[in-house]
Amino acid sequence: MKKHSLGPCLFVVSMLTLGVNDFAAGSLDSKADPIRVDLNGLTLSLDSETGSLLQMEYPGVGKFLEATPDKASLIDLAFPIPEFEPLRLASRFSRGAVIRTGDGEVTVDWSELGASRDFEVPGEVAATVRLREATDGRSIILSCTVTNHSPNPIRQVLFPDFMGLLPFAGDQATEFRSGGCLLKPFEELRTSELDRFYATNANMKTLKCGDLNDTEMVIRWMDLGGLKGGFSLFPLRWGWDPQTQVILHLSDANHRLRLMNEHRVKIQPGEQWSSGEYWLTPHTQGWAKGIEPYRAWARGHMDREYPLPDHVRDGLGFRSIWMCQNQPNDPQDAVWKFSDFPALAREAKEHGLEEMVAWIWHKPFTLPFPAPYPHLGTEEDFIKAIAECKEIGVNVAPFVSVLQAEKSTAERYGLTINPESGNWTYHTEFIPKFNPSYASRFACVQVDTTDSRWQQDVLDSCTKLIE
C-alpha cells in the first residue's frame, strides 16, 4: 500500500467529469528545463518531471498547444476508490517520468502514475507513451500501454489527451471537424454567464463515432484548425473495432481547450491495456490537407468484393421513394404503391436517374424479411412493377435494414431492447415527429454481427429477395 503525496496540488483533474476543473488550487510547476523534440516538423515540449505535453508548434501555423505543468496532460486514468470515487491518475500528478529520445521518436515511462488526491492508493499503475515519426514524412504516431499492478480496476483511459490547446486561428475560425460534424469550440463551449452552484457539462461536448442510433462523427477522423492550418488525428481502427469517442472541454479559467480521446475500459488487476496507434498530422492550409493520410489509409483497407455497377458509378444519383410511414392500418398511410413504380421510373429516367430506391416497403428491422406491406400491394405486384421499371431502363433497389432488430427479431437472438437508447419510431403526426416519449413500436437494439444465426438469416433473406 502506498500513499501518494503531491504537496500543494490538490484539485486539478478530479472534477473533470463535473466540468469545473478550472478551480484547481496549487501548482506542480517544474524547475527543470522541458525536453524539446522535433518529429516530422512538429516541435513538442515535454515536462522533464511529469512527462506531460507543454507545447506543440508547427511552422507556418504557430503554437497549437501551450500549458503549464499543473494544467498539462498526455495520459489520464479514472481510478475510483471507495474513499474517493473521482480519483484520477495522470501524468501531471506524477514525478520521475523517464523520457528517452532517439532517432525520430520519444518514449515516456511512468513506473507509478501520480494521484489527484492524497489518499491511500493500493499498488501502482504504470504507463508508457511512445511518439514516433510516421513513414509518410508528415505524421506522428502516438500509442500507449497501461499496466495495472493494483488490486483496483481502471475504469477509463484518456489518450491522447491534449490539454491547453489554443485558438490558434482565432476564437471564431478555429474549428473542430469530423465527418458530419462541425463545432467552433472556443465560441460554442463558452460557459453561460448564469452562475450555477453545481457542476454542469455546459463547457464540455462528447462526440461519438460508430453507434447507429447516436453518432456525431461519421468517420474516425477529426481535425482542429482553420484555413491557414491545424492538425488532424485518427486511430488505426477499422470496421467493428472499438469506436471513437472524443470529449472537448473549454476551460473557464484560461480559455484553453482540452481534446480527450476517451476509452471506456475496465483494466483488471494484473492486466495490460494498449491504445493502438493514433496518427497526428499537422498541416498548413485547411482540413482537406490534414485528411490526406486518413484517406490513403482508409482506401488501403477497402476490400470491394464485387465491382461497382457501371450505372451506379457513372450515374447522377438515386431517386428515393418513401412509400409509407409504417402504419398499414391507416387508409392514408400509403404515399406510393407498387403500381406507381413505372410512372416514377419514367420520370426518373427523363431526368437522368437510372436507380430507384424503395424505402419502407415492408416492416423494417425484421428477420427473416417479412412480406410487403399489404396496403402497398402484393409480392406479385412488387415483382411485376420492378420488371416494368427494368424495361424502362431504371433499376429498383428495395431498401433493407438488418443491423437493428425490433422486438420479435431481438428475442430471436436473445437480445433486450431499451427504448431510451434505440428507438426508430417516427410519424409526421407524432410530437415530436421522431422518437416521441410515448411511442416505441420501432424500438430497436443493434445486433452482434458475429452471431451465426443472424448471419444465416441475412443470407437467406437477401438470397430470397434477389431470386
Under-4.0 Å salt bridge between [X] and [Y]:
X	Y	result
Asp252	Arg190	no
Glu188	Lys205	no
Arg220	Asp241	no
Arg132	Asp103	no
Glu271	Lys266	no
Lys349	Glu354	yes

### Query
Which residue pairs pass the salt bridge (Lys or Arg N to Asp or Glu O under 4.0 Å) test with at least one member in residues 173-186, sequence neighbours excluded?
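Qualifying pairs, neighbours excluded: Glu175-Arg177, Glu175-Lys184.
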Ring centres under 6.0 angstrom apart ([X], [Y]):
X	Y	answer
Phe231	Tyr58	no
His362	Phe369	yes
Trp336	Trp322	no
Phe186	His255	yes

In Å and rounded to the nearest 0.5 Å, what is the [atom1] to [atom2] distance from [X] to [Y]?
X	Y	atom1	atom2	answer
Tyr294	Trp279	OH	CH2	13.5 Å
Glu355	His311	CD	NE2	3.5 Å
Thr416	Lys407	OG1	NZ	10.0 Å
Leu87	Arg117	CG	CZ	8.0 Å

Smallest separation among heavy atoms of [X] and [Y], with atom names:
X	Y	value
Met222	Leu259	SD-CD2, 4.2 Å
Leu39	Glu105	CD2-N, 3.8 Å
Thr50	Trp110	O-NE1, 2.7 Å

More than 12 heavy atoms of other residues, nucleotides or ligands under 6.0 Å from [atom1] of [X]: is that the case?
X	atom1	answer
Arg299	CZ	no
Leu465	CG	yes
Glu85	CD	no

### Task
Please work out whether the ring planes of Trp238 and His301 are parallel, tilted or perpendicular, with thresholds of 30° and 60°.
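Ring orientation, 0 to 90° scale: tilted.
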### Task
Scan Leu158, Val157, Leu233, Leu142 and name whichever one has a side chain to side chain contact (heavy atoms under 4.5 Å, CB included) with Asn261.
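One option only clears the test, and that one is Leu233.
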### Message
Could you walk me through whether Arg258 and Asp76 satisfy the salt bridge (Lys or Arg N to Asp or Glu O under 4.0 Å) test, starting with their C-alpha distance in whole Å, then the side-chain angles of each, then the deciding distance to 0.1 Å, before giving a yes or no?
### Response
CA-CA 12 Å; Arg258 186 177 184 184; Asp76 192 325; 2.9 Å; yes
### Message
Could you check whether any side-chain heavy atom of Leu46 comes within less than 4.5 Å of a side-chain heavy atom of Leu53, counting everything from C-beta outward?
### Response
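A side-chain contact exists here, since the closest heavy-atom pair is under 4.5 Å.
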Expected list for residues 429-440: side-chain donor-acceptor pairs under 3.5 angstrom, two or more places apart:
from   : atom 1 : to     : atom 2 : distance (Å)
Asn435 : OD1    : Asn423 : ND2    : 3.0
Tyr438 : OH     : Ile431 : N      : 3.3

### Query
Who are the side-chain hydrogen bond (donor to acceptor under 3.5 Å, both in side chains) partners of Glu292, not counting sequence neighbours?
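For Glu292 the side-chain hydrogen bond (donor to acceptor under 3.5 Å, both in side chains) partners, ignoring immediate neighbours, are Arg138, Lys289.
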